[in-house]
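One structure is given below, encoded as structure tokens.
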Amino acid sequence: MLQPIPAGFSRPVFESQSTFRAVLQAMANPGRTVPMPVAAQGPQGWSGSMAALVLTLCDMDTPIWLDPSAASPEALRFVRFHCGSPQASAPHEAAFAVVLEPKDMPALRAFTPGTAEFPERSSTLLLWSANLGQAGSGVRELNIKGPGIDGRGELPLHWLPEGFAEQWRANAGLFPCGVDVILVGPEAVVGLPRTVTMEG
Amino acid sequence: MTAETMQGYNYAYLDEQTKAMIRRAILKAVAIPGHQVPFGSREMPLPYGWGTGGIQITASIIGPLDVLKVIDQGSDDTTNAVSIRSFFARTAGVKTTTATEEATVIQTRHRIPEAPLTDGQIIVYQVPIPEPLRFMEPSESETRTMHALEEYGVMHVKLYEDIAEHGRIAKSYDYPVRVQSRYVMAPSPIPKFDNPKMHDSPALQLFGAGREKRIYAIPPHTRVESLDFEDHPFEIQKWDEACAICGARDSFLDEILTDDRGGRMFVCSDSDHCARRVREDC
Amino acid sequence: MYVAVKGGEKAIAEAHALLARERRGDPAVPELSLDQIREQLSLSVDRVMSEGSLYDEDCAALAVKQARGDLVEAAFLLRAYRTTLPRFGYSLPADTSRMHVRRRISATFKDVPGGQLLGPTFDYTHRLLDWSLAGQSESDLPRDAEQEFPDPAPMPRVLDVLGREGIIEAEDRGDDPEPADLTRQPLDLPAARDVRLQNLARADEGFLLAMGYSSQRGFGTTHPFVGEIRMGEVEIEFAPEELGFPVTIGEITLTECETVNQFVGSGDARFTRGYGLTFGQGERKAMSMALVDRALRAPELGEEKKGPAQDAEFVLYHSDNVEASGFVQHLKLPHYVDFQSELVLVRGLRRAMREEESGHDS
């Protein structure tokens, strides 16, 4: 019996272009909340933003790792049909990783940071952040600095999984190696390239 | 989408798989400022060395909402700039402009516009030789190791030899920079006059070398220092003359021979900047 | 009044019109058809397919016509077309031992199983201009030679015969890993032999010829014997995933050259190999490629590097004529900003020198 596959983009050429530009802006301006221009039809449990990112960034050349809550049979069909990406058997083999359950996220060091000669051969995490975009009252902000940030920026702590900042310090210490993270909210993304330093 | 494009070819010429590959390389380049990311450069319908790296980047980022400016040697109407602009008008149906501040994407060969760039703009440089150490060390495997180990002694030796021989650093364009105190990077053959514009720019700077198959980037607000020595600080070119058309004294000037008896005049290399000054009657 | 020496769309359009007229030549002379180019300039078509990395005789003939016979330009046209084509997958390895051979020679053995077959070659022509070709008549066309050699049976490769004796290095067949693809991944050094061979197969014939030649003259050491050259038609098979078994999708002409080179070891001494392969009939290139392939194996065989043909980085980064032609010719693009920068610098150096000298004088 044929299993239904979520439709993905309705106009792939233009929707992947505008999605990419949002991600590019987010990675070039770490900490900035960049609205996602399109929501793609993805598997159950995936936001339209997450589906759009995977459709834009992944293909047969990029092993993808899905965390247990992302890896439904429907999601596996979706990724295989639209992207043709091989499944990474472990986080460190992944070019891209989809993490829908941040509290059970593998340690950052479980992913691959690249090598001194080829630091770009590192994993990029698409990390779900349900609160992203919400200000909340009296929330703690992390101070962030680095290329792409004019002086100093702020990042609400409740957008990140618990203990993320400590792990991040170790990751940033690996520079030029390190993993890059894209925080994926329901309707926006925030880029955290390895160059970002966090304090507070 | 209503954008009218060339029949038989994908939007912006490249196929979607190639675009995705280049987009991934751009994202990693942005995450590692100044580091050259190898990419599977494609043959383009323009020759290698004529901007194929820049064209591949532009084709991978551009969309129907963009406004594109293309300059070569600072000018919008040099033949190669005209040719590349019409390539994107044909293949991506994109709106084009000569006005720096109207553009969302600026593809350039050998200049940075005189008008300051702004937040949200992307400038795409065409790069012939992306490796700043190449003329000191021809081997790619060697230079890759040198970058990995942050081993830039050979570059300082070269610059110091210049000072010993000429009393100054004898590099007037493609003058090497250090990005965020880590990677030594070739800014492409822009005159060193333009180097300070790269530092702390609000715009995103992307560099594409098609033949050499490398992409690199400088995110906005990134530290970009031209290499120098305490006793020989970096300096930019200055002219005694002013632009013969607009009178500018602070722009990069091209020299024009007006006769064969030594007659010459100087005019702005940035044609948009010059025309604006004439219009505004400065 | 200063008028900028700048092009603009009008100048470009005019240049294109002039080019089109020059390409056509005298309109009183009949226009070339693609059939004529494909059939009568077939070696041009073959070279363009090899260096253009696309086996399509009609497209290559069109490229030759459009490029006014400039074969490097034609290869570039073909490459730029090739990159826009969707990729369905990879064919199975072509088996040249099952080639329908039209030419097959060995310089190492007087006779070999399957025999020697001279085929269509310039080799023993006397290079005298044949004035009869200058005329219109083709009434003297020789009889069709193929009748003499009705479809020869599949022939074992000469080097396989040596291989069974164990006197030449073994070549892995069948269990090789999936080869890399330079059209998708950039060159990475050190490059394995699959990558090197792909690079050489796309390389400029003139470059390979000079490199191979230099290795014969002592810049690098190859002592090659031509084990075998064969040219003919090979079936190409493709196994679509949904079918699960291979189907033949067509037949292409290939030229293959295998060289037997100097031995390594002593008690277990064995000969080494060089390999060349081109689309169509491209014997000069296939032979040059085999020489360069063998020269590039110097590090792996523990030989001292003595010439550029043995330097993988030198050879592989400079072999591609689409890259080389573009970069050499980009020098005619305007460089007046860079040159102005150099002018300012050199004038500054000269002024500093003059000031220093007049300072000494006073």
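All figures in this text were calculated on a predicted structure; none of them were measured in a lab.
Heavy atoms closer than 4.5 Å to chain C are found nowhere in B:Thr258, neither backbone nor side chain. Proximity to chain C (any heavy atom under 4.5 Å) is restricted, for B:Ile129, to the side chain, taken from C-beta onward. The part of C:Thr84 that comes within reach of chain B is its side chain, from C-beta onward, which places non-hydrogen atoms under 4.5 angstrom from that chain. Heavy atoms of B:Leu253 lying under 4.5 Å from chain C belong exclusively to its backbone. Contacts between C:Glu313 and chain B at a heavy-atom distance below 4.5 Å involve the side chain alone, from C-beta outward. Only the side chain of C:Tyr317 comes within less than 4.5 Å of a heavy atom in chain B; its backbone stays farther off. Contacts of C:Val344 with chain B are made by side-chain atoms alone, with heavy-atom separations under 4.5 Å and no backbone atom involved. Heavy atoms closer than 4.5 Å to chain B are found in the side chain of C:Arg347, but not in its backbone. For C:Leu343, the part lying near chain B is the side chain, with the backbone staying farther off; criterion is any non-hydrogen pair under 4.5 Å.
Interface with chain C: from residues 169-176 of chain B, residues B:Ile169, B:Ala170, B:Lys171, B:Ser172, B:Tyr173 qualify, criterion being any non-hydrogen pair under 4.5 Å. Using a 4.5 Å cut-off between non-hydrogen atoms, the part of residues 54-79 of chain C that approaches chain B consists of C:Phe76, C:Arg79.
Listed options C:Leu189, C:Leu333, C:Leu187 were ranked by heavy-atom pairs under 4.5 angstrom with chain B; first place goes to C:Leu333. When each of C:Arg82, C:Arg184, C:Gln185 is checked for heavy-atom pairs under 4.5 Å with chain B, C:Arg184 comes out on top. Options C:Pro334, C:Ala15, C:Ala80, C:Ser325 differ in how many heavy-atom pairs under 4.5 Å they form with chain B, and the most are formed by C:Pro334. The candidate from B:Met44, B:Met21, B:Glu140 with the greatest count of non-hydrogen atom pairs under 4.5 Å with chain C is B:Glu140. Interface remark: of the candidates B:Ser141, B:Gly210, B:Ser86, B:Ser141 forms the most heavy-atom pairs closer than 4.5 Å to chain C. Top candidate by heavy-atom pairs under 4.5 Å with chain B, chosen from C:Asp311, C:Thr83, C:Asp338, is C:Asp338. Comparing B:Asp15, B:Thr52, B:Asn80 by heavy-atom pairs within less than 4.5 Å of chain C, the highest count is held by B:Asn80. For the options B:His166, B:Arg85, B:Arg144, heavy-atom pairs under 4.5 Å to chain C are most numerous at B:His166.
Looking at heavy atoms from C-beta onward, B:Val127 lies out of side-chain contact with B:Pro189 at the 4.5 angstrom threshold. B:Leu133 is listed as a side-chain neighbour of B:Met146, based on a closest heavy-atom distance under 4.5 Å. Contact check for C:Asp204 versus C:Asp320: no side-chain heavy atoms found under the 4.5 Å cut-off.
Contact record, B:Ile215 with B:Ala25: CD1-CB, 4.0 Å, taken as the closest heavy-atom pair.
Put simply, the side chain of B:Lys197 gets close to the backbone of B:Ile112: a donor and an acceptor are under 3.5 Å apart. The main-chain N or O of B:Ser139 is found under 3.5 Å from a side-chain atom of B:Glu137 such that the two form a donor-acceptor pair.
In this structure, SG on B:Cys246 lies 4.0 Å from CZ on B:Arg277, to the nearest 0.5 angstrom. In this structure, CG in B:Leu46 is found 9.0 Å from OH in B:Tyr13, a value given to the nearest 0.5 Å. We find the CD-CD distance between C:Glu303 and C:Gln310 to be 6.5 Å, quoted to the nearest 0.5 Å.
Aromatic ring centres of B:His147 and B:His35: separated by at least 6.0 Å.
Note on C:Glu323 versus B:Arg211: no salt bridge recorded, every NZ/NE/NH1/NH2 to OD/OE distance being 4.0 Å or above. For C:Arg351 and C:Glu355, the salt-bridge test fails: no basic side-chain N is under 4.0 Å from an acidic carboxylate O. For B:Asp162 and B:Arg168, the salt-bridge test fails: no basic side-chain N is under 4.0 Å from an acidic carboxylate O. Salt-bridge annotation for B:Glu43 and C:Arg202: present, with a side-chain N of the basic residue lying under 4.0 Å from a carboxylate O of the acidic one. Salt-bridge annotation for B:Asp76 and B:Lys69: present, with a side-chain N of the basic residue lying under 4.0 Å from a carboxylate O of the acidic one.
Relative to the six-membered ring of B:Phe252, B:Lys238 misses at least one condition, a distance below 6.0 Å or an angle of at most 45° to the axis.
Annotation: C:Phe339, atom CZ; neighbour count of heavy atoms from other residues, nucleotides and ligands within 6.0 Å does not exceed 12. Summarising the local packing, OH of C:Tyr81 is surrounded by 12 or fewer heavy atoms from other residues, nucleotides or ligands at distances under 6.0 Å.
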